[in-house]
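Just below is one structure, and these are the notes that go with it.
What you are looking at is a predicted structure, and each value in this text was computed from that prediction instead of being measured.
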Amino acid sequence: DAPAEAAMVLDKAAANDPQMVQKVASATWIHISGGKPVVLRNILENSAVWEAVLAAHQAGALLSGSSAGAIIFGEYGFSPRLPFPPNLEDLVFDPLPGFKLLPGIAVGPHFDAAPPEITTQLTGMLPSGATMVGIDEKTGLLGQNGTWVVVGAGRVTLIRGEARTEYPSGATVPLFA
């Protein structure tokens, strides 16, 4: 068992720092945490650290993301416009291209906490044929060898066009069906 070691990639300079690249390249589990999706994407885009993430994952490292870290894995993403309004229902999102690790997918974290107006806004921004994968808080969607399973306290919701299907913890999700 190796101890966990953080690679604090907080800006573009760190995203190209050889020490950070080495930490990521030798990792067996890489977790991309939350924050502002547009900032996270801009830091990692075309960086040596992101190339190391992809190479490590291709070599077998576990890759996980939470909140903004999960959003950037999709082909399509969203980033809230700042500053945040006083009422969550008034939050406006801008489209944000993802890194396409999940082609045809937009990841919606905190899905159970989002008012219906936000869900409608986000799904309305998706191109035809795209899938919204809504992941509730305290919930994960684990994928291995093409099989995706819901874990945790909540559910995963797939929205494809007008079709909406919810999957409870323990269910297998047909993510790319």
Side-chain angles (χ1 to χ4, degrees), residues 1-80 96-114 130-158 166-177:
D1 292 324
E5 193 172 339
M8 299 299 290
V9 180
L10 303 176
D11 56 30
K12 200 69 164 178
N16 289 297
D17 180 319
Q19 282 187 299
M20 296 298 159
V21 172
Q22 179 54 40
K23 281 184 182 185
V24 170
S26 63
T28 56
W29 179 9
I30 302 165
H31 180 76
I32 313 271
S33 65
K36 297 176 181 76
V38 69
V39 172
L40 180 57
R41 188 184 190 289
N42 289 342
I43 289 170
L44 292 176
E45 184 176 31
N46 299 318
S47 73
V49 162
W50 184 248
E51 291 303 317
V53 167
L54 295 175
H57 182 55
Q58 185 69 27
L62 175 68
L63 183 58
S64 63
S66 58
S67 197
I71 288 171
I72 67 168
F73 292 162
E75 181 171 355
Y76 311 104
F78 314 99
S79 190
L96 178 74
F99 287 138
K100 301 181 183 178
L101 297 177
L102 301 169
I105 301 286
V107 178
H110 315 289
F111 204 70
D112 54 335
T131 301
M132 168 65 78
V133 179
I135 303 173
D136 289 355
E137 294 184 339
K138 300 179 183 176
T139 306
L141 182 59
L142 302 181
Q144 183 175 11
N145 301 322
T147 300
W148 296 84
V149 177
V150 181
V151 295
R155 63 186 182 269
V156 168
T157 303
L158 293 189
E166 297 178 352
Y167 298 88
S169 187
T172 300
V173 178
L175 197 59
F176 296 104

To the nearest 0.5 Å, what is the distance between [atom1] on [X] and [atom2] on [Y]?
{"X": "Leu142", "Y": "Ser64", "atom1": "CG", "atom2": "OG", "result": "9.0 Å"}
{"X": "Tyr76", "Y": "Ile105", "atom1": "OH", "atom2": "CD1", "result": "9.5 Å"}
{"X": "Tyr167", "Y": "Leu141", "atom1": "OH", "atom2": "CG", "result": "10.5 Å"}

Donor-acceptor pair, [X] side chain versus [Y] backbone, under 3.5 Å?
{"X": "Arg41", "Y": "Pro97", "result": "yes"}
{"X": "Ser26", "Y": "Gln22", "result": "yes"}
{"X": "Ser169", "Y": "Gly152", "result": "yes"}
{"X": "Lys12", "Y": "Glu45", "result": "yes"}

Pairs of donor and acceptor atoms involving the side chains of residues 2-11, under 3.5 Å and at least two apart or interchain, shall be tabulated with distances.
residue, atom, partner, partner atom, Å
Asp11, OD1, Ala13, N, 3.3
Asp11, OD1, Ala14, N, 2.8

Results of side chain to side chain donor-acceptor pair (under 3.5 Å) for Glu137 - residues two or more places apart only: His110
Determine whether more than 12 heavy atoms belonging to other residues, nucleotides or ligands lie under 6.0 Å from atom NE2 of His57. no
State, to 0.1 Å, how close [X] and [Y] come at their nearest heavy-atom pair, and which atoms those are.
{"X": "Ala68", "Y": "Lys36", "result": "CB-C, 4.1 Å"}
{"X": "Ile71", "Y": "Gly77", "result": "CG2-CA, 3.9 Å"}
{"X": "Ser47", "Y": "Asn16", "result": "CA-OD1, 3.5 Å"}

